[in-house]
Trainee: 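Let me give you the structure first, and then I'll get to my questions.
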There are 2 protein chains.
Amino acid sequence: MASRAKATIFDIAREAGVSKSTVSLVLQGSGLIRPETAVKVRKAIEDVGYVYNRGAANLRKAHSNVIGMVINDLTNPFFAELAVGMERVFQSAGIVPFIANTAENPVRQEEVLKSLMEQGVAGLIVSPARGTTPGAFRRLEMAGVPVVFAMRRLPESRIPVITPDNHRGAYLATAHLVGKGHRRLAFFGGSSDLVVYHERLGGFREACETLGIEPRDALIIEGETNRKGGMACLETSLAMAEPPTAALCFNDAVAFGVMLALRKRGLEPGPDFAVVGFDDVVEAEHYMPALTSVAVDSAGLGERAAHVMIKMIQSRTTRAEDHIGAVNLVVRESCGPDRRAKARSAKTGGAA
Amino acid sequence: MASRAKATIFDIAREAGVSKSTVSLVLQGSGLIRPETAVKVRKAIEDVGYVYNRGAANLRKAHSNVIGMVINDLTNPFFAELAVGMERVFQSAGIVPFIANTAENPVRQEEVLKSLMEQGVAGLIVSPARGTTPGAFRRLEMAGVPVVFAMRRLPESRIPVITPDNHRGAYLATAHLVGKGHRRLAFFGGSSDLVVYHERLGGFREACETLGIEPRDALIIEGETNRKGGMACLETSLAMAEPPTAALCFNDAVAFGVMLALRKRGLEPGPDFAVVGFDDVVEAEHYMPALTSVAVDSAGLGERAAHVMIKMIQSRTTRAEDHIGAVNLVVRESCGPDRRAKARSAKTGGAA
DNA sequence: CCTATTAAATGGAACGTTCCAATAAATCAA
DNA sequence: TTGATTTATTGGAACGTTCCATTTAATAGG
């Protein structure tokens, strides 16, 4: 119970009747010490209730084994998945990553980054907060700490990026809607301060152009990237002279909002108005109706980001190639039956 | 680009033409140094691209300002909320907490705890993984590190706990069901290796007893604490001779599963079978039908836990009082209308 | 039996900070 | 002026580890 002064390797040394250097060697698992000595030392370690002081060690050693993951919104399961994916590979590499949340706040992010640096991290994986200034990572670059961006990129930056293929995802989703016979489309939610927004919107626009949808039939409404934003977008669009009949949403949360708003108006998501989401969070599958969405495999991207980081650390470089992850459209029920074909019976088997 | 050897306070000292001690004082914001000197030093700090080495400082200082939060499942928004609540208060106290995820795995938890200790944390807030052995925190107690448990408690442990009033929550929910006219009830999901389970189940049982429900009409089915578990529980219960007409679920995820399974059988959650959840996650409000659930204010509990931790650190104690957070039943649509009010026409039991 | 080689263990310096005691400079009381 | 006091600044010794250069012990080669 009494927590007497913290035990150090000197205490262990005394207990085991060896020198501090020997203890240090044992701690590092060096093969230079006689097995019986090692056993003796390990017993002493146990007896004195020793806890390794990594701070002291890092003072002498070149590199720490701490990696920081900076996430913009942990309450969003989508980003939580990303973190979990990274953790998985770090774990198997014997590294314990520390996660910090910025709550989408650039000031907070600055603090977090500073703190992590002071802690002497070996590397940083960051999903930058919205509104991050381009200079925010200058200090890190100066310090030569390897950094990779996950899920989001910054406008102009040489830092390697791991993101899903947003452009293609949006293209696929839009093509799906056109294929269902829709001719007046909308892109709901998101705002232009996010690079992701431009990527997804770009895919939407390209699909419209390629597939012969007039620009005036491709409505774009910015909005919050949550349920509320989705509800607002739908209301706005339905108030127009020639409202769209289908929408690609910036993400699933927006899509859920749109479906909620439809229901509130007595419209049925799917038959009455087609909705596609983006991200394919777990909820999407269980919604009523199940949401068609672009799956991005965020856990997989997390794993990839972690691998890249480990490589960077090993090769002591601060550069790496970008990685664009494959996406695929998961078709469920929220786009209803084909518009031009006859209405099929309501019971569609959920394609997974 | 070139990351020349890390700058230390000596480099700053040379640059500013003062001694290292002066620099140290400036870094600590001591009022002892002349303002003009401080300005000079701060400029030098900026110029050399200095980053504070907290590890070195902690070696000398009494304690670090790092606090660890160990969460059993970050992908569960419920626990993510808890983490965010804690973060909020730590932030305003100038502390950057590090979050680590154990993915409900006691072995992983052990590693995480060890790593955090080695890092020299000043305190630890833990939501223990399922199946944590009672001895898992002995080392921490020996080291005199303040620990508080959040959301979950361990069977026998002197470590302070911050949890919602599970017993009362379950009691309220059960009473609500009885008040709606249900006489054959069920408790779905969870398993007895979790203390929370016993607390919630206890509330359910007490309510049944107090309100005159026979034990044989109070069905208890253990199961996974996710959607799948909920679906399984419902199936099992409906296969019985006299199936229940209402269920209190271990948590919202189970409740969602139950509702899903009901729909799959062509039954309407609410009118045909009443469902109450526990935790009141954001989704609950938006589900179809909206889920009646016991709100526990996890962010609030997180804040409370953080406050307790800060107190403990300041008063250098490892003990504190438990705190049981208030809960309240949020009534929505998943329990349908009153049973006795309506004619007893709709038979709910053995569908199929 | 002596020396060369290998194996095992060790002492000392260094890492970047803080803190204490000591100094130097400026101010005050007499 | 002189000593006492206050105000700013400073050098040196820790803190707990790692790593290098040595020392000591054990083994092999002749």
Side-chain angles (χ1 to χ4, degrees), chain A residues 3-42 44-45 48-66 114-115 117-122 143, chain B residues 3-42 44-45 48-66 114-115 117-122 143:
Chain A
S3 67
R4 54 177 178 279
K6 271 195 182 66
T8 75
I9 52 173
F10 284 93
D11 300 307
I12 300 171
R14 190 175 340 102
E15 182 84 7
V18 297
S19 81
K20 64 165 181 31
S21 303
T22 305
V23 177
S24 175
L25 261 352
V26 173
L27 283 173
Q28 293 170 84
S30 160
L32 284 180
I33 33 86
R34 203 156 35 120
E36 355 168 5
T37 312
V39 169
K40 201 169 52 178
V41 170
R42 264 188 276 271
I45 289 177
V48 301
Y50 171 74
V51 354
Y52 184 73
N53 185 333
R54 206 167 279 279
N58 287 161
L59 202 51
R60 197 65 175 73
K61 283 213 288 232
H63 249 18
S64 80
N65 72 158
V66 181
K114 178 156 169 260
S115 174
M117 291 233 44
E118 292 181 356
Q119 225 58 236
V121 291
Chain B
S3 66
R4 54 175 178 279
K6 274 196 179 69
T8 74
I9 52 171
F10 284 93
D11 299 305
I12 300 171
R14 190 174 341 104
E15 183 85 7
V18 298
S19 81
K20 63 166 181 34
S21 302
T22 306
V23 177
S24 176
L25 261 351
V26 173
L27 283 173
Q28 293 171 83
S30 160
L32 285 180
I33 33 85
R34 200 156 38 119
E36 354 170 7
T37 313
V39 169
K40 202 168 51 177
V41 170
R42 262 189 277 273
I45 289 176
V48 301
Y50 171 76
V51 353
Y52 185 72
N53 185 333
R54 207 167 279 279
N58 287 161
L59 202 49
R60 198 65 177 67
K61 282 216 286 237
H63 61 224
S64 77
N65 72 157
V66 181
K114 179 156 169 262
S115 174
M117 289 233 47
E118 293 181 357
Q119 224 60 235
V121 290

Trainee: Could you walk me through whether A:Val66 and A:Gln119 pass the side-chain contact (heavy atoms from CB on, under 4.5 Å) check?
Mentor: CA-CA 8 Å; A:Val66 181; A:Gln119 225 58 236; 5.8 Å; no
Trainee: Answer with base, sugar-phosphate or nothing: what part of the nucleic acid does B:Phe10 contact at a heavy-atom distance below 4.0 Å?
Mentor: base
Trainee: What's the closest nucleotide to the A:Leu25 side chain, out of C:dT10, C:dC19, D:dT9?
Mentor: C:dT10
Trainee: How many whole angstroms separate atom CG of A:Asn58 from atom C1' of D:dT17?
Mentor: 10 Å
Trainee: Rounded to the Å, how far apart are A:Glu118 CD and C:dT17 C1'?
Mentor: 12 Å
Trainee: If you check every side-chain atom of A:Ile33, which of C:dT17, C:dA9, D:dT17 has the closest atom?
Mentor: C:dA9
Trainee: Does A:Ser19 have a side-chain nitrogen or oxygen under 4.0 Å from the phosphate oxygens OP1 or OP2 of C:dT10?
Mentor: yes
Trainee: Step by step, work out the side-chain contact (heavy atoms from CB on, under 4.5 Å) result for B:Leu27 and B:Ile45.
Mentor: CA-CA 9 Å; B:Leu27 283 173; B:Ile45 289 176; 3.8 Å; yes
Trainee: Counting only heavy atoms from other residues, nucleotides and ligands, does the tally under 6.0 Å from NZ of B:Lys114 exceed 12?
Mentor: no
Trainee: What is the distance, rounded to the nearest whole Å, between atom OH of A:Tyr52 and atom P of D:dT17?
Mentor: 8 Å
Trainee: Can you identify which nucleotide, out of D:dG16, C:dT10, D:dT17, has its nearest atom closest to the A:Leu59 side chain?
Mentor: D:dG16
Trainee: Do any side-chain nitrogens or oxygens of A:Ser24 fall under 4.0 Å of OP1 or OP2 in D:dT17?
Mentor: no
Trainee: If you find the nucleotide of DNA chain D closest to B:Arg60 and the one closest to B:Gly31, which residue's nucleotide is nearer the 5' end?
Mentor: B:Gly31
Trainee: At their closest point, which heavy atom of A:Asn58 faces which heavy atom of A:Ser64, and how far apart are they?
Mentor: OD1-CB, 3.4 Å
Trainee: Considering just the side-chain nitrogens and oxygens of B:Thr22, establish if one lies under 4.0 Å of OP1 or OP2 belonging to D:dT9.
Mentor: no
Trainee: If I take atom CD1 in residue A:Ile12 and atom C1' in nucleotide D:dT17, what distance separates them, rounded to the nearest angstrom?
Mentor: 11 Å
Trainee: Starting from P on D:dT17, measure out to CG on A:Asn65 and report it in whole angstrom.
Mentor: 15 Å
Trainee: Tell me what B:Thr8 touches on the nucleic acid: a base, only sugar-phosphate, or nothing, going by heavy atoms under 4.0 Å.
Mentor: sugar-phosphate
Trainee: Calculate the interatomic distance between A:Tyr50 atom OH and D:dG16 atom C1'; express it in whole Å.
Mentor: 7 Å
Trainee: Rounded to whole angstroms, how far apart are CZ on A:Arg34 and C1' on C:dT6?
Mentor: 15 Å
Trainee: For D:dC19, does either OP1 or OP2 sit under 4.0 Å from a side-chain N or O belonging to A:Gln28?
Mentor: yes
Trainee: To the nearest Å, how far apart are A:Ile9 CD1 and D:dC15 P?
Mentor: 13 Å
Trainee: Check whether any side-chain nitrogen or oxygen of B:Ser21 sits under 4.0 Å from OP1 or OP2 of C:dT18, and answer yes or no.
Mentor: no
Trainee: Starting at the 5' end of DNA chain D and moving along, which residue's nearest nucleotide shows up first, A:Lys20 or B:Leu32?
Mentor: B:Leu32
Trainee: Check whether B:Asp11 reaches the backbone of B:Thr8 with its side chain - one donor and one acceptor, N or O, closer than 3.5 Å.
Mentor: yes
